[in-house]
Amino acid sequence: MAFVAPKETYSGKVFEVTIGADKTAVFGGENVLPFYSFEGNVPHKPVIAYEIQDVPPEDWPETVKNVYEGVSGDPVTWAKYCQDKLNAQAIALRLVGTHPDRENRSSEDAAKTVKDVLSAINVPLIILGSNHIEKDSSVLVAVSEAAKGKNCIIGKAQEGNYKTIAAAAMANNHKLIAMSELDINLSKQLNILITQMGFDKERLITDPMCSALGYGLEYTYSVMERIRLAALAQNDATMQPPMLADVGMYVWKIKETQASEADLPMWGSLKERGIAWETVTAGSLLISGAEFLIMRHPEAIAAVEKFIEELM
Amino acid sequence: MALTGVEIFKLLPKTNCKKCGHPTCLAFAMKLAQRQASLDACPDVSEEAKKILGEASAPPIRSIAFGSGDKAVKMGEENVLFRHEKKFVNPCAFAVELKDSMSDDEINKIVDNVINSEIDRVGQKLRIDAICITNTSGDAGKFESVVKAVSANAPAVSLILSTSNPQAAEAALKAVADKKPILYGADESNADAMAAIAKNNKVILGIIAKGLDALTALTEKIKGLGVEDMVIDSGARTAKEILEANTYIRRAAIKKNFKALGYPVITFAQRDDKMLETLIATLGVTKYSSIVVLSSIEKWKDLALFTLRQNIYTDPQVPMQVEQKIYKIGETTADAPLTITTNFSLTYFIVSGEIENSKVPTRLAVMDCEGLSVLTAWAAGKFTASKIAQFIQESGIENEVAKKELIIPGYVAILSGAIEDKLPGWKVVVGPREANGLPAFLRARA
């Protein structure tokens, strides 16, 4: 019996999203499963943003903290280093210092940091809060205004604070990350709630919540696959925004990226182990459907970019 | 296509003799259709029916055991394309390449690394499953001696013998045929000879053809020569080619019941760049390879890939559980706080991760709630005051702690009074509702 390629075509398509004002980056737009260019159209590569912070990364493990030694004391220097020396396509500024349990920096301070970073770089900027529901709803409003006209991504809007954040992103013409917790129905519901406010669904980015390899990765992996299938096979427009995998912050806090080889000889070299952890987490989430990634270690990013080249 | 119960019934003797253990032939047919019974149970079925039913009832991807003894791995038998539909059945095997042109030192090092690769993770023993010995030297005698030496040094490890030279294959197989290795290297030029060797030695044949049309023709030819157990290689080597070939093979087998490609897939992931190789292996694990061959194994790479394989091959319908016990996180002393949560693995990972982040040495009591998260376990009556009290009492932890104080998840604050009633002398403290509140909570108390 002769082989006939069992091609599958879909009626749905992932929205194409362009970010940035000077230099831009584009992702999404495919009408097939991730990298299935043999049966459809995959117009853009996934985009990886380098993660930086408004405060020095004292809580990052050595392997990734050392890379930014000398530049990470100041977000502007750090951002320029990522853009100019590491050729970052995009930069994700996490305002972790605004968290009440951390430095509790004010919205005004955060807005100033954003303005300073924006004036120093020309690649797209992603502006992330500290994942504190109440504080984010004031901080992200202030930074949205400060970044007006720069076509940034603002995040993350969650069930408890999406109204103010979505309104601010809309008023200042930004893209918006909608995050829910590892459940396709919650994800769909949040996208619907945000679009019901008048927010254009083609300006959304879905974050189904990342998990690190070994720490629930399979949940993120399958939720992403299901969201992508809903977008393509069922042509469900609420599931058609591109997806984010916020890899770095989930990977660089677990034991496997911190425990020394002296303590756990079976686990091998700490440096390679940490980089591999971020690399494999990112790689598997690309396969399951992420079009946009936020990562920390340049060697992990370089490996994942080579992988993307080979897949395209 | 798989047959329905009624179609199967028509081929059975219809005697309702009950010898198969089912009350009627129809009942047996229904079980056969659901793949819950084997046709061997019917002593009276005709040869013709056996042939038709055997072909139709075989799993879409042939089930093959690779290797022998307790380290043998099962391959094939997959039923779905996406893991959320149903569990992926047989975890992909990892093999490391060993070239017969390597020095004895290099060879011994690889063999040692494979033997010592076993790691325990969440109660499962994970290891590099096989060594792929490649006849790089082109010398049949050299190949045979290396295969013999490796087999002697690592008797329990499964082997892939990679050569396209039938003489080399024949000689090397003599020593190891009883271990059910894979003989990899049958192609269009040597198919007859290799098929005969595989058949005579009862080993699995690894076949390679460029592209899926040629591969289809070759598996059909080799099956016609009497070889049933095959692993297949379409020649795909780049990530893009592997994704396309593996997807088409899996879809053809499962959705079209296309038998000529219904075999386990072997993927060669070797790269000079170790991180990139790890990613190609990631692609193999997530997208349908049954064997992934690596160029080297380092402990960090093994750990990442074993963990990925475990994640992808868990049953999405059965929550992963961790063992019930009191875990010590950090250098705990008698003064370290004691917290409690349920044994859903995700709950455990998140809670223990946040405790580690807090840098406050803490005891975490993980209670068996059949893998449910805190709120679900509470709602299901598995995380109740009396069960928590019983667990704490039986654990004997009260002899190890300076202060009899138990921190419970904020979501079950309602239980605090009842636990205190049932645990005389203990004080219950209500912790944060979400794990991400733990670092601040623990630091404030330290």
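Since this is a predicted model, take the numbers as computed values, not measurements. Naming: A, B, ... by sequence-line order, numbering from 1 per chain.
- Between the CG atom in B:Leu279 and the CZ atom in A:Phe307 there is a gap of 5.0 Å [rounded to 0.5 Å].
- In this structure the side chain of A:Leu128 reaches within 4.5 angstrom of the side chain of A:Ile177, judged on heavy atoms.
- For the atom pair CG (A:Leu213) and CZ (B:Phe306), the distance works out to 12.5 Å, reported to the nearest 0.5 Å.
- With a threshold of 4.5 angstrom between heavy atoms, A:Ala276 approaches chain B through its backbone and through its side chain.
- Within the 4.5 Å cutoff, the side chain of B:Val351 has heavy atoms near those of the B:Leu438 side chain.
- The CD1 atom of A:Ile287 sits 6.0 Å away from the CG atom of B:Leu243 when rounded to the nearest 0.5 Å.
- Heavy-atom distances place the side chain of A:Leu229, and not its backbone, under 4.5 Å from chain B.
- A:Leu33 has its side chain within reach of B:Phe82: a pair of non-hydrogen atoms, C-beta onward, lies under 4.5 Å apart.
- Heavy-atom distances place no part of B:Phe441 under 4.5 Å from chain A, backbone and side chain included.
- Put simply, the side chain of B:Val89 does not reach to within 4.5 Å of the side chain of B:Ile61, judged on heavy atoms.
- When each of A:Gly214, A:Ala303, A:Pro265 is scored by its heavy-atom pairs under 4.5 Å with chain B, the top score falls to A:Gly214.
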So between chain B and chain A, what donor-acceptor pairs come in under 3.5 Å?
residue: B:Arg83; atom: NH1; partner: A:Glu218; partner atom: O; Å: 3.1
residue: B:Arg83; atom: NH1; partner: A:Ser222; partner atom: OG; Å: 2.7
residue: B:Arg121; atom: NH2; partner: A:Gly214; partner atom: O; Å: 2.9
residue: B:Glu220; atom: OE1; partner: A:Met1; partner atom: N; Å: 3.3
residue: B:Glu220; atom: OE2; partner: A:Met1; partner atom: N; Å: 3.0
residue: B:Ala239; atom: N; partner: A:Glu310; partner atom: OE1; Å: 2.6
residue: B:Lys240; atom: N; partner: A:Glu310; partner atom: O; Å: 3.2
residue: B:Lys240; atom: NZ; partner: A:Ser37; partner atom: OG; Å: 3.0
residue: B:Thr247; atom: OG1; partner: A:Tyr36; partner atom: OH; Å: 3.1
residue: B:Tyr248; atom: OH; partner: A:Lys7; partner atom: NZ; Å: 3.1
residue: B:Arg251; atom: NH1; partner: A:Pro6; partner atom: O; Å: 2.8
residue: B:Arg251; atom: NH1; partner: A:Glu39; partner atom: OE1; Å: 2.8
residue: B:Arg251; atom: NH2; partner: A:Glu39; partner atom: OE2; Å: 2.8
residue: B:Lys255; atom: NZ; partner: A:Glu8; partner atom: OE2; Å: 2.6
residue: B:Arg271; atom: NE; partner: A:Glu310; partner atom: OE2; Å: 3.2
residue: B:Arg271; atom: NH2; partner: A:Glu310; partner atom: OE1; Å: 2.6
residue: B:Arg271; atom: NH2; partner: A:Glu310; partner atom: OE2; Å: 3.1
residue: B:Asp273; atom: OD2; partner: A:Lys306; partner atom: NZ; Å: 2.4
residue: B:Lys287; atom: NZ; partner: A:Tyr36; partner atom: OH; Å: 3.0
residue: B:Asn311; atom: OD1; partner: A:Gly214; partner atom: N; Å: 2.8
residue: B:Asn311; atom: ND2; partner: A:Glu218; partner atom: OE1; Å: 3.4
residue: B:Glu354; atom: OE2; partner: A:Lys253; partner atom: NZ; Å: 3.3

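- Using a 4.5 Å cut-off between heavy atoms, B:Leu308 contacts chain A through both its backbone and its side chain.
- Annotation: side chain of B:Leu215 is not in contact with side chain of A:Phe3 (no heavy-atom distance under 4.5 Å).
- Heavy atoms closer than 4.5 Å to chain A are found in both the backbone and the side chain of B:Ala304.
- Taking chain B as the reference chain and counting heavy-atom pairs below 4.5 Å, the highest number among A:Ile275, A:Leu286, A:Ile254 is found for A:Ile275.
- With a threshold of 4.5 angstrom between heavy atoms, A:Pro61 does not approach chain B through any atom at all.
- Annotation: maximal heavy-atom pairing with chain B below 4.5 Å, among A:Ala302, A:Ala282, A:Ala5, A:Gly216, occurs at A:Ala5.
- Expressed to the nearest 0.5 Å, how far CG of B:Leu305 lies from CD1 of B:Ile297 amounts to 11.0 Å.
- When side chains are defined from C-beta on, B:Leu212 counts as touching B:Ile249, because their heavy atoms get closer than 4.5 Å.
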